[in-house]
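Take a look at the structure set out below.
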Amino acid sequence: MTFLLLKVFWSFSALTSLLLGVAGLIFPIIPGIPFLILALISIEKLSPRFKRWLLQTRPMLWLQNKQPKLASWLIK
């Protein structure tokens, strides 16, 4: 039961954050980037497979080489 509630919570959080992030990119009064980062974190919590894929993308590898402290904070 708890597992199902956590999955629903992370799904709702990811969807809401993604919608607010896209709205933030369209309307300049809403900050879009923090919501998109929150959506990525929510999807990462929802799917371990997505996290593995994300860690092997070119931007994440660049971030790990150039900004290791920021990358380690995002990977947690």
Side-chain angles (χ1 to χ4, degrees):
M1 183 69 178
T2 304
F3 178 73
L4 180 63
L5 287 175
L6 281 174
K7 217 156 176 60
V8 168
F9 170 75
W10 288 119
S11 298
F12 180 74
S13 174
L15 182 63
T16 305
S17 299
L18 184 64
L19 291 174
L20 287 172
V22 170
L25 294 176
I26 295 171
F27 302 113
I29 200 161
I30 302 171
I33 300 300
F35 286 113
L36 292 175
I37 291 172
L38 183 61
L40 280 175
I41 292 170
S42 299
I43 294 171
E44 174 188 329
K45 297 283 185 181
L46 188 63
S47 170
R49 184 174 159 196
F50 176 77
K51 182 178 181 180
R52 284 192 304 270
W53 172 81
L54 184 63
L55 291 177
Q56 295 178 356
T57 59
R58 188 174 291 169
M60 186 55 96
L61 292 175
W62 177 85
L63 190 64
Q64 288 174 349
N65 289 333
K66 300 294 182 183
Q67 296 290 329
K69 287 184 180 181
L70 179 63
S72 67
W73 179 78
L74 287 173
I75 291 172
K76 286 183 186 178

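What you see below is based on every heavy atom in this structure, not just the backbone, and it leaves out hydrogens, waters and symmetry mates. Residues take their numbers from the sequence shown, with the count starting at 1.
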More than 12 foreign heavy atoms under 6.0 Å from CZ of F50: is that the case here? yes

How many angstroms lie between atom CG of L6 and atom NZ of K45, to the nearest 0.5 angstrom? 10.5 Å

Would you kindly confirm whether I29 and I33 end up in one hydrophobic cluster when ILVMFWY residues are joined by side chain heavy atoms under 4.5 Å apart? no

Matching residue for S47 among R49, E44, K51 - test: side chain to side chain contact (heavy atoms under 4.5 Å, CB included): R49

For a quick test of your reading: what N or O donor-acceptor pairs under 3.5 Å do the side chains of residues 36-43 make, sequence neighbours left out?
from : atom 1 : to  : atom 2 : distance (Å)
S42  : OG     : S13 : OG     : 2.8
S42  : OG     : L38 : O      : 2.9

Hydrophobic cluster membership, L19 vs F12, 4.5 Å side-chain cutoff: no

If you take all heavy atoms of Q56 and L61, which pair is closest and at what distance? O-CD1, 4.0 Å

Does F27 belong to the same Ile/Leu/Val/Met/Phe/Trp/Tyr cluster as V22, with side-chain heavy atoms less than 4.5 Å apart forming each link? yes

Do you know the tightest heavy-atom contact between L55 and Q64? CD2-NE2, 4.2 Å

